[in-house]
Amino acid sequence: MNFIDFRSDTVTKPTEEMREAMFNAKVGDDVYGEDPTVNRLEALAAQILGKEDALFVTSGTQGNQIAILTHCAPGDEVILEAESHIFLYEGGAASALAGIQTRPLQGLNGAMDPLAVKKAIRGDDIHYPYSGLICLENTHNKAGGRIVPIDTMKSIYEIAKDKDIPVHLDGARLFNAAVATGVSASKFTQYVDTVQVCLSKGLSAPVGSILAGSKSFIKEARKWRKRLGGGLRQVGVLAAPGIIALENMVSRLAEDHTNAKLLAEGLTQIPGLNVCVPNVETNIILCNIKKSGLSNDQFLTLLKDAGILAGPFDDGIIRFVTHREVTSDMVQTAIQSINQIIG
Ligand SMILES: *Cc1c(COP(=O)(O)O)cnc(C)c1O
């Protein structure tokens with residue numbers, strides 16, 4: 001069966017253009033710094049993100065963890081949002097690898113309150129850990145792809161700079177925020193020291209993320225990547241689709257956002273389902289199914305039988321994600337099918 005797959009934007013396969021670029025990529029040993037395609041990707045990413053340098057890493061998780069390892073020492077405290085990906089979904093890596101302790105702050109729609117961040121920064125007391133890093137996430141996955149306002153980022157950055165604490169952005173879906181607001185990615189990243197962006201989500205590359213920051217930060221990050229076993233050799237075959245992701249796949253994210261609104265409006269009209277349509281700012285839809293009386297498992301099984309895949313999120317909440325392989329026709333088909341099953 002050909003499923004309409006709303007589980008995640010990570011399911012997007014490389015385009016024909018990407019596969020051709022992979023086939024034709026000029027390669028070398030990237031641990032020696034000799035892969036021209038990787039070098040081109042890293043230079044392009046640094047420029048787009050407004051940073052001095054960038055590093056191609058295996059995944060978003062690896063990028064975030066290398067950032068924490070590079071910024072922090074064991075025993076430091078990392079301030080982050082209570083439902084952030086780094087806190088919820090990275091297997092406790094920040095504790096296991098960097099030996100830091102996390103300080104989760106409950107945000108509103110994924111955005112931490114700058115004053116709460118200011119209060120959470122530790123004073124100079126022998127009992128306290130050092131505040132080693134502040135992590136932001138934009139768009140915020142668990143909040144349903146919500147955009148953290150650039151003014152909030154600016155306020156937090158100013159507080160951090162005043163205390164000499166670095167700020168890292170988990171920008172797995174930063175380009176979704178940029179396209180939805182019409183504000184360039186580098187405008188967002190001017191208020192962080194380092195940023196991780198995923199090439200393998202909505203941008204459709206098969207593998208990889210970018211970590212960007214200052215020259216001295218990336219030099220140290222490159223060493224951490226090697227320590228973690230992430231120093232790859234003729235990896236230009238994977239960097240080549242990454243270049244296409246950055247050059248040709250960003251602006252089309254707008255289609256995913258339009259389709260997400262369409263799906264949200266359709267779902268919320270089905271009895272038993274609720275979506276807060278104005279909260280759908282990018283490509284993630286959180287659908288409340290509690291009134292349908294179905295459990296997440298029951299709901300997802302019914303959908304699957306009808307050829308539709310989505311993902312469980314919280315109790316009674318199902319996540320739908322739009323992406324390049326879901327057309328507006330497929331969204332209409334899905335709405336009709338779900339209406340027939342549930343309505
Ligand atoms: C997907 C995601 C990551 C991790 O990326 P992987 O490549 O799956 O490791 C990090 N942060 C956010 C917000 C994500 O959505």
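Whatever order the structure lists them in is the order used to number ligands and atoms, beginning at 1. Keep in mind the model is a prediction, meaning the values are calculated, not measured. Sequence positions, counted from 1, serve as the residue numbers for this chain.
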Q) Is G60 close to ligand 1, meaning an N/O of one under 3.5 Å from an N/O of the other? A) yes
Q. Under 3.5 Å between some N or O of ligand 1 and some N or O of S200?
A. no
Q: Please determine, by modelled atom types, if E137 and S84 share a side-chain donor-acceptor pair under 3.5 angstrom.
A: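 Checked: E137/S84 side chains show no N/O donor-acceptor pair below 3.5 Å.
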Q: Could you pull out, from Q196, R173, K201, the option with a heavy atom nearest to atom 3 (C) of ligand 1?
A: K201
Q.
Side chain, backbone, both or neither: which applies to C198 and ligand 1 if a contact is any heavy-atom pair less than 4.0 Å apart?
A.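 The answer is the side chain.
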Q) Which ligand 1 atoms are under 4.0 Å away from a heavy-atom of A172? A)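 Those atoms are 2 (C), 11 (N), 12 (C), 13 (C), 14 (C), 15 (O).
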Q: Specify whether the nearest protein heavy atom to atom 5 (O) of ligand 1 is under 4.0 angstrom away.
A: yes
(Q) How far is atom 10 (C) of ligand 1 from the closest protein heavy atom, and which atom is that? (A)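 Looking at atom 10 (C) of ligand 1, the protein heavy atom closest to it is H85 ND1, 3.2 Å.
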Q) Any idea how F320 and F299 line up, ring-wise: parallel (<30°), tilted (30 to 60°), or perpendicular (>60°)? A)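 Aromatic pair F320/F299 classed perpendicular.
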Q: Measure from NZ or CZ of K142 to the centre of the six-membered ring of F313, then state whether that distance is under 6.0 Å and the direction lies within 45° of the axis.
A: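 Yes, K142 lies over the aromatic ring of F313.
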Q) Mind checking whether H140 has a heavy atom under 4.0 Å from ligand 1? A) no
Q: Look at R122 together with D76 and state whether they make a salt bridge at an N to O cut-off of under 4.0 Å.
A: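 Looking at R122 and D76, the cut-off is not met.
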